[in-house]
Chemist: 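This structure is in structure tokens; I'll ask about it shortly.
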Amino acid sequence: MRRSTTTIIPEVAVGTRGAMPASSGAYARRKILALAQETDEPILYAQVRLTHSADPALPRPAVAQANMDVNGRPLRAHVAATTMHEAIDLLQARLRERLIRIAEHWEARRGGAPLKQPHEPHEWRHGSEPTHRPQYYPRPPEEREIVRHKSFTLARETPDEAVFELEAMDYDFHLYTDADSGQDSVIYRDDAGYRLARTDSRPRGGGPVVAVPLTISEQPAPRLGVDEAVARLSLTGFPFVFFVDNATGRGNVLYHRYDGHYGLITPAR
């Protein structure tokens, strides 16, 4: 990234939880401030949370998370490592990659240029960087509950825009409304790039034209009740289940949380 001629020094708030070196907070703050020197888009605010788990069963107990305001655009990253300083280094690298991608996206939109095609530097590919994600706590199925239910108006986006949102916010998946078909859809990473699932698998208008490497599921989302979705998630062991709720007819996502419980995302009516 190009160095800014005028750098805005962001406010960086750091919170810690668990046993870690006393220098961890200051180290994280320095790493975030260093990023502000590398980007033309001003970082207005950053919040960092450092957590070290006391569970000896976790091979990567140090977790570092960051939420940033980059010139009015939210950006997020979430990593895990064996030590807290390693986690902070990985967090900085992950945020740097996302800042590069945001800069390329904004530049393309300002100039009307298409997004980069696959196999170019900094492309939108899942395999381009290690995930270093925290492990799911192995909570027994009989103890799991839906402890978080989020309901909001889904963004109306193209698949390219949905991928950008997924990457900028470091999501495992992104639930949105497809701009062309109006279908509730979910996009997520796979080994080939990204995969799109929709409430209705039948193509409309020949399918989306995208710049990212994308495959489309040929199967429509199953129609389930929430209890049935819980049973399916427990049985398959998948990170999430995308389904059409029997009661509302809308696309929902039930997912594993890192604490071993479940979260549920539903569109606002």
Chemist: Nearest 0.5 Å please: distance from the CG atom of L91 over to the CZ atom of R96.
Modeler: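 One finds 11.0 Å between CG of L91 and CZ of R96.
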
Chemist: So, do T199 and S185 sit near enough that their side-chain heavy atoms are less than 4.5 Å apart?
Modeler: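 Of all side-chain heavy-atom pairs linking S185 with T199, none is under 4.5 Å.
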
Chemist: Just so I know, are the side chains of I32 and L95 near enough to count as touching, which here means a heavy-atom distance under 4.5 Å?
Modeler: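 A side-chain contact under 4.5 Å exists here.
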
Chemist: Does L90 share a hydrophobic cluster with M68, counting links as ILVMFWY side-chain heavy atoms below 4.5 Å and allowing steps through other members?
Modeler: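 Yes, L90 connects to M68 through the hydrophobic network.
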
Chemist: Please answer: with hydrophobic residues joined when any side-chain heavy atoms are less than 4.5 Å apart, are Y176 and Y171 in the same cluster?
Modeler: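 Yes.
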
Chemist: Could you check if a side-chain atom of L196 sits within less than 4.5 angstrom of a side-chain atom of T215, using non-hydrogen atoms only?
Modeler: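 No, side chains not in contact.
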
Chemist: With heavy-atom distances below 4.5 Å as the criterion, would you say the side chains of V63 and H78 are in contact?
Modeler: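 A side-chain contact exists here, since the closest heavy-atom pair is under 4.5 Å.
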
Chemist: Report the distance from atom CZ of R94 to atom CG of L99, rounding to the nearest 0.5 Å.
Modeler: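 With rounding to 0.5 Å, CZ (R94) is 13.0 Å from CG (L99).
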
Chemist: Partners of R257 by salt bridge (charged side-chain N to carboxylate O under 4.0 Å, His left out), sequence neighbours excluded?
Modeler: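 Salt bridge (charged side-chain N to carboxylate O under 4.0 Å, His left out) check on R257 returns D259.
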
Chemist: If we only count heavy atoms from C-beta on, is the R29 to I88 side-chain gap below 4.5 Å?
Modeler: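 No. Closest side-chain heavy atoms not under 4.5 Å.
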
Chemist: Please output the side-chain donor-acceptor pairs of residues 235-245 that fall under 3.5 Å, not counting sequence neighbours, one pair per line with the distance.
Modeler:
{"from": "T236", "atom 1": "OG1", "to": "R232", "atom 2": "O", "distance (Å)": "3.0"}
{"from": "T236", "atom 1": "OG1", "to": "F238", "atom 2": "N", "distance (Å)": "3.3"}
{"from": "D245", "atom 1": "OD2", "to": "A247", "atom 2": "N", "distance (Å)": "2.9"}
{"from": "D245", "atom 1": "OD2", "to": "T248", "atom 2": "N", "distance (Å)": "3.1"}

Chemist: To the closest 0.5 Å, what do you measure between OG (S217) and CD1 (I187)?
Modeler: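 Separation between the atoms: 12.0 Å.
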
Chemist: Give the minimum heavy-atom separation between A168 and P74, together with the two atoms involved.
Modeler: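 The answer is CB-O, 4.4 Å.
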
Chemist: Can you tell me if S234 uses its side chain to pair, donor with acceptor, with the backbone of A231 under 3.5 Å?
Modeler: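 It does not hold such a pair.
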
Chemist: Side-chain contact test, heavy atoms from C-beta onward, threshold under 4.5 Å: evaluate it for L166 versus R189 and give yes or no.
Modeler: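 Yes, their side chains come closer than 4.5 Å.
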
Chemist: Just by distance, with hydrogens left out, do R198 and Q183 show a side-chain donor and acceptor under 3.5 Å apart?
Modeler: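 Distance-only check fails for R198 and Q183.
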
Chemist: Would you say the side-chain atoms of T82 and R60 include a donor-acceptor pair closer than 3.5 Å?
Modeler: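 There is no such pair (donor and acceptor under 3.5 Å, judged by atom type) between the side chains of T82 and R60.
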
Chemist: State the CG-CZ distance between D184 and R250, to the nearest 0.5 angstrom.
Modeler: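 Reported value, rounded in 0.5 Å steps: 4.0 Å.
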
Chemist: Could you give me the CA-CA distance, side-chain angles and deciding distance for E165 and R73, then say whether salt bridge (Lys or Arg N to Asp or Glu O under 4.0 Å) is met?
Modeler: CA-CA 10 Å; E165 190 76 15; R73 176 85 193 198; 2.5 Å; yes

Chemist: For atom CZ of R49, is the number of surrounding heavy atoms from other residues, nucleotides or ligands below 6.0 Å larger than 12?
Modeler: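 Not more than 12 within 6.0 Å, no.
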
Chemist: Is it true that a side-chain atom of Q92 and a backbone atom of K31 form a donor plus acceptor pair closer than 3.5 Å?
Modeler: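 Answer holds: yes.
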
Chemist: Would you say H261 and E143 are linked by a side-chain donor-acceptor pair, where the criterion is simply a distance under 3.5 Å?
Modeler: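 Checked: E143/H261 side chains show no N/O donor-acceptor pair below 3.5 Å.
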
Chemist: Could you give the distance from NE2 (H256) to CG (D172), rounded to the nearest 0.5 Å?
Modeler: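 Interatomic distance, H256 NE2 to D172 CG, rounded to 0.5 Å: 11.5 Å.
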
Chemist: Listed by chain and number, what are the salt bridge (charged side-chain N to carboxylate O under 4.0 Å, His left out) partners of R144, not counting sequence neighbours?
Modeler: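 Not a single residue meets the salt bridge (charged side-chain N to carboxylate O under 4.0 Å, His left out) criterion with R144.
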
Chemist: Could you go through D170 and R76, starting from their C-alpha distance and side-chain angles, then the distance that decides it, and tell me whether this counts as salt bridge (Lys or Arg N to Asp or Glu O under 4.0 Å)?
Modeler: CA-CA 6 Å; D170 202 19; R76 179 178 177 269; 5.1 Å; no

Chemist: The criterion is side chain to side chain contact (heavy atoms under 4.5 Å, CB included); which residues satisfy it with T266, sequence neighbours excluded?
Modeler: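 Listed in chain order: H149, S151, N252, L264.
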
Chemist: Output all residues satisfying side chain to side chain contact (heavy atoms under 4.5 Å, CB included) with P56, sequence neighbours left out; order by chain, then residue number.
Modeler: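 Scan of P56 (side chain to side chain contact (heavy atoms under 4.5 Å, CB included), adjacent residues dropped) gives none.
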
Chemist: Quick check: closest heavy atoms across L44 and G72, and the distance to 0.1 Å?
Modeler: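 L44 and G72 have their closest heavy atoms at CD1-N, 3.9 Å.
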
Chemist: Y27 vs H85, test: ring pair (Phe, Tyr, Trp, His ring centres under 6.0 Å). Steps then yes/no.
Modeler: CA-CA 8 Å; Y27 186 66; H85 274 50; 4.4 Å; yes

Chemist: Can a salt bridge be assigned to the pair R156 and E161 using a cut-off of 4.0 Å between side-chain N and carboxylate O?
Modeler: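 Answer for the salt bridge query: no.
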
Chemist: Among V12, V70, I43, which residue meets the side-chain contact (heavy atoms from CB on, under 4.5 Å) test with L35?
Modeler: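 Single side-chain contact (heavy atoms from CB on, under 4.5 Å) partner of L35 among V12, V70, I43: I43.
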
Chemist: Test side-chain contact (heavy atoms from CB on, under 4.5 Å) on M84 and L50; report intermediate values, then the result.
Modeler: CA-CA 8 Å; M84 187 54 67; L50 308 176; 3.9 Å; yes

Chemist: Are L233 and V186 linked, directly or through intermediate hydrophobic residues, by side-chain heavy-atom contacts shorter than 4.5 Å (ILVMFWY only)?
Modeler: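 No: no chain of side-chain contacts under 4.5 Å links V186 to L233.
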
Chemist: Can you name the nearest heavy-atom pair linking A36 to P10, along with the distance?
Modeler: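 Looking at all heavy atoms of both residues, the shortest contact is CB-CD, 3.8 Å.
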
Chemist: With a 4.5 Å cut-off on side-chain heavy atoms, are Y255 and Y262 touching?
Modeler: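 Answer no - side chains too far apart.
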
Chemist: Of all residues at least two apart in sequence or in a different chain, which pass the side chain to side chain contact (heavy atoms under 4.5 Å, CB included) check with E228?
Modeler: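 E228: side chain to side chain contact (heavy atoms under 4.5 Å, CB included) contacts with L224, N246.
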
Chemist: Counting only heavy atoms not in R223, do more than 12 fall under 6.0 Å of its CZ?
Modeler: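 Above 12, so yes.
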
Chemist: Do V79 and V14 land in one hydrophobic cluster if side-chain heavy atoms of ILVMFWY residues count as linked below 4.5 Å?
Modeler: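 V79 and V14: one cluster.
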
Chemist: Is it the case that one hydrophobic cluster holds both M169 and V163, taking links as side-chain heavy atoms less than 4.5 Å apart, direct or via other members?
Modeler: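 As far as the 4.5 Å side-chain criterion goes, V163 and M169 are connected within one cluster.
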
Chemist: For the residue pair Y194 and D160, confirm or rule out a side-chain donor-acceptor distance under 3.5 Å.
Modeler: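 There is no such pair between these side chains.
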
Chemist: May I ask you to check whether Y188 and H174 place their ring centers less than 6.0 Å from one another?
Modeler: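 No, ring centres 6.0 Å or more apart.
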
Chemist: Check whether any side-chain heavy atom of H52 sits under 4.5 Å from a side-chain heavy atom of R17, and report yes or no.
Modeler: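 Sidechains of R17 and H52: no contact.
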
